[in-house]
Amino acid sequence: MISLTNTMTKTIKNICCIGAGYVGGPTMAVIAQKCPEIKVHVVDINESRVAAWNDPNVEHIPIYEPGLSEIVAETRDRNLFFSTKVDEAIDQADIIFISVNTPTKTYGIGKGMAADLKFIELCARQIARVAKTDKIIVEKSTLPVRTAEALKDILHNTGNGVNFQILSNPEFLAEGTAIDDLLDPDRILIGGDTHTAEGQAAMQTLVDVYAHWVPKAQILTTNVWSSELSKLTANAFLAQRISSINAMSEICEKTGANVDEVARAIGMDSRIGSKFLKSSVGFGGSCFQKDILNLVYISKSLGLQEVADYWEQVIILNDHQKLRFAKNIVKTLYNTVSGKQIAMLGWAFKKDTNDTRESAAIYVSDYLLSEQADVIVYDPKVKTEQIYADLEYLGHHDSETIRQRVKVVKTAKEACQNAHAIAVMTEWDEFKSLDWKSIYDDMYKPAFVFDGRRILDQTSMEALGFNVNIIGN
Ligand SMILES: NC(=O)C1=CN([C@@H]2O[C@H](COP(=O)(O)OP(=O)(O)OC[C@H]3O[C@@H](n4cnc5c(N)ncnc54)[C@H](O)[C@@H]3O)[C@@H](O)[C@H]2O)C=CC1
Ligand SMILES: O=C(O)[C@H]1O[C@H](OP(=O)(O)OP(=O)(O)OC[C@H]2O[C@@H](n3ccc(=O)[nH]c3=O)[C@H](O)[C@@H]2O)[C@H](O)[C@@H](O)[C@@H]1O
């Protein structure tokens with residue numbers, strides 16, 4: 001790691017964060033809580049999202065994340081502000097975090113693989129236009145390695161005499177545990193221009209912000225390219241573990257081995273470790289797939305075909321896992337689900353979040369709709385319109401069919417009433433303690449249950465009469 005020698009840091013009074021999403025909102029709320037002397041302005045062009053952040057009822061903020069509403073209640077309008085006044089916030093800020101979305105490109109060169117950097121570039125151009133005083137620009141979004149170079153080009157060619165220092169400070173929080181992850185991070189990573197005194201001073205300034213609550217030994221400083229690449233690498237390694245255990249789950253199903261027992265046995269080897277070995281219907285979330293596709297694209301662009309193929313396999317296996325789960329439902333229900341009612345328990349991509357991006361539930365439901373099933377969804381945190389929008393976005397079924405065949409209900413029990421089968425898609429805690437006996441009584445027989453999260457106990461469910469299919473058993 002780089003040790004910083006220049007300690008000529010700036011006193012920070014104002015921070016601006018562009019992007020009030022799953023990263024910008026929680027991250028800035030924690031900075032505001034831990035740095036009460038700094039004013040933190042979170043700005044976004046999405047007016048309804050900003051309005052929701054400012055909703056007088058703090059339970060209505062747009063992101064559900066345990067512990068978040070309490071911090072927002074404490075800091076909002078004290079030193080945490082949400083607004084659409086992007087120019088104003090840029091103008092006042094000493095540090096500007098860019099935390100906008102970087103989705104997979106859906107057009108042109110790199111379509112379906114490369115990260116779409118148009119939102120990042122728009123931010124850079126807006127900063128270049130508005131800024132009149134020196135600023136530290138922080139890449140918080142996950143970006144391809146060497147993006148800082150493009151930002152530098154745009155910012156340094158403004159000709160307005162403003163000095164910009166560009167830092168990379170990727171975010172490692174996971175949704176559902178974002179607040180714990182932010183309050184007690186494994187590490188904070190800050191990459192910058194280590195060769196110049198100005199670069200080092202900028203890095204030190206950001207170190208000082210985090211040092212309000214993170215022990216200095218856990219704040220790593222590197223060159224900017226290492227920092228950018230470390231973020232993609234971390235997500236690729238995490239996703240690879242899930243695809244690895246999911247690959248074993250299929251072998252388990254064919255051989256009588258139990259994937260949790262295998263995971264436990266290997267996880268006790270300290271070189272392997274026990275985390276991230278939970279077999280599932282496939283990983284979802286806004287980032288694993290997008291970041292690996294981006295890594296594959298970068299590898300290909302660098303002429304590294306074997307490296308690209310290696311990482312692409314993580315995605316191929318994940319797609320396979322979702323598809324084989326859906327196909328197994330149809331096969332087990334005597335090769336047809338046409339006109340049958342399938343209860344989907346859970347729609348979010350993991351528990352304790354209302355985020356549905358790339359959730360396996362979307363793909364499994366889409367497949368079941370193609371087989372003419374009726375799908376009844378229950379999720380404790382996801383809104384009905386989001387579920388319809390997710391299915392419409394795939395474009396395989398028209399809106400009318402989706403709204404006819406997919407019903408969203410308010411309880412798990414309601415979803416399972418008169419169902420032919422239940423699919424557990426999200427590991428919400430409440431699903432473990434449902435009254436499974438009365439659910440069984442209300443279903444068509446044989447009553448099938450497909451557990452894509454391994455939260456149900458095979459023996460006790462079978463004792464109730466269910467026909468039980470658990471991924472990896
Ligand atoms: N969601 C997650 O758990 C994590 C996400 N990341 C990365 O953080 C970045 C942001 O992700 P999320 O917060 O999930 O995205 P998000 O989609 O929830 O939020 C991004 C926000 O940026 C706003 N925005 C876009 N362009 C803008 C502009 N020019 N001016 C003002 N606002 C603008 C959008 O309206 C949106 O509200 C991505 O690069 C992602 O890969 C990194 C770690 C965790
Ligand atoms: O860059 C990002 O967006 C973030 O991506 C992930 O966080 P997140 O996607 O929010 O949630 P995870 O806990 O990683 O879960 C991702 C998916 O993998 C699944 N998963 C996770 C762990 C496991 O053992 N098995 C498994 O199937 C989850 O159910 C979920 O669908 C990373 O864990 C974060 O470090 C990273 O900052």
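Remember, it's 1-based here, ligands and their atoms both numbered in the order they're listed.
Geometrically, R76 does not engage W53 in a cation-pi contact defined by less than 6.0 Å to the ring centre and at most 45° from the axis.
Within 4.0 Å of ligand 2, the residues that place a heavy atom are E171, F172, L173, A174, E175, K231, N235, L238, I242, F276, L277, K278, S280, F283, G284, C287, F288, F349, K350, R453, listed by chain and number.
Both the backbone and the side chain of V23 come within 4.0 Å of ligand 1, counting heavy atoms alone. Contacts of R125 with ligand 1, taken as heavy-atom pairs under 4.0 Å, are absent altogether. Residue S141 touches ligand 1 through backbone and side chain together, judged by heavy-atom distances below 4.0 Å. The proximity of S286 to ligand 1, defined as any non-hydrogen pair under 4.0 Å, is limited to the side chain.
Near Y22, meaning under 4.0 Å from any of its heavy atoms, are these atoms of ligand 1: 1 (N), 12 (P), 13 (O), 14 (O), 18 (O). Close approach to L173 involves these atoms of ligand 1, each under 4.0 Å from a residue heavy atom: 3 (O), 44 (C). Counting atoms of ligand 1 from 1 in the listed order, those under 4.0 Å from a heavy atom of E175 are 1 (N), 2 (C), 3 (O). With ligand atoms numbered from 1 in the order given, ligand 1 contributes 10 (C), 20 (C) to contacts under 4.0 Å with heavy atoms of S99. Those atoms of ligand 1 with a heavy atom of E171 less than 4.0 angstrom away are 42 (C), 43 (C). The contact set between ligand 1 and K231, taken as ligand atoms under 4.0 Å from a residue heavy atom, comprises 43 (C). Residue K290 has at least one heavy-atom neighbour below 4.0 Å for each of these atoms of ligand 1: 40 (C), 41 (O).
The option with the heavy atom closest to atom 36 (C) of ligand 1, from among V86, I18, D44, N46, is D44. Around atom 38 (C) of ligand 1, the closest heavy atom drawn from I63, T102, L232 belongs to T102.
Taking the six-membered ring where tryptophan is involved, the planes of F325 and F450 are perpendicular, since the angle between them exceeds 60° and thus also 30°. Ring-plane geometry between F288 and F283 is classed as perpendicular, the angle between the planes exceeding 60 degrees on a 0 to 90 degree scale with a lower cut at 30.
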**OP:** Begin with the C-alpha distance, continue with both residues' side-chain angles, and end with the deciding distance and a verdict on salt bridge (Lys or Arg N to Asp or Glu O under 4.0 Å) for R454 and D451.
**Re:** CA-CA 6 Å; R454 299 188 59 81; D451 183 358; over 6 Å; no
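For atom 16 (P) of ligand 1, the closest non-hydrogen atom on the protein side is R49 NH1, 3.6 Å. Annotation: atom 24 (N) of ligand 1 to nearest protein heavy atom, V100 CG1, 3.6 Å.
Residues K275 and R241 share a closest heavy-atom pair of O-NH2, 2.6 Å.
Between I190 and Y210 the shortest side-chain heavy-atom distance falls below 4.5 Å. You'll find the side chain of V377 reaches within 4.5 Å of the side chain of V406, heavy atoms only.
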